[in-house]
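One structure, as structure tokens, below. Some questions next.
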Amino acid sequence: MTATPSAPGDGLVRAGAIVFIVGAVATLVTVAPLFLGTEPFPPIAYAVCMLMGVGFVIAAGGVLRSVAAQRRAATSVTPS
């Protein structure tokens with residue numbers, strides 16, 4: 001089985017996805033007491049929920065880095 005080479009920005013997309021998933025799980029855990037009628041979590045739990053946005057920004061940066069690398073590769077191959 002042949003593995004495709006890692007493109008620039010792939011690591012950022014993976015890291016952003018992991019951070020996003022951590023934030024999504026934190027959001028589910030933080031919202032659960034509202035539906036269960038239990039005591040809400042402390043404010044730091046709500047701050048962890050912001051990781052969803054941070055993960056999205058990291059992944060978007062990886063996508064933009066990949067696009068820039070592909071654009072550079074395309075312009076270097078095409079004669080002007």
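The first residue of the sequence shown is numbered 1, and numbering continues consecutively from there.
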Does Leu51 sit in a hydrophobic cluster with other residues, and if so which ones, taking ILVMFWY side chains as linked at heavy-atom separations under 4.5 Å, directly or through other members?
Leu12, Val19, Val22, Val48, Val54, Ile58
Could you measure the distance from the CZ atom of Arg65 to the CG atom of Asp10? Nearest 0.5 Å is fine.
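With rounding to 0.5 Å, CZ (Arg65) is 9.5 Å from CG (Asp10).
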If only atom types and distance count, is the side chain of Thr75 paired as donor or acceptor with the main-chain N or O of Arg71 below 3.5 Å?
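Pair found, side chain donor or acceptor close to backbone of Arg71.
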Tell me, please, which residues at least two apart from Pro40 pass side chain to side chain contact (heavy atoms under 4.5 Å, CB included).
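Partners of Pro40 under the side chain to side chain contact (heavy atoms under 4.5 Å, CB included) test: Tyr46.
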Heavy-atom pair with the smallest gap, counting every atom of Thr30 and Cys49
OG1-SG, 3.5 Å
Please identify each residue that fulfils side chain to side chain contact (heavy atoms under 4.5 Å, CB included) with Ala47, with sequence neighbours left out.
Ile44
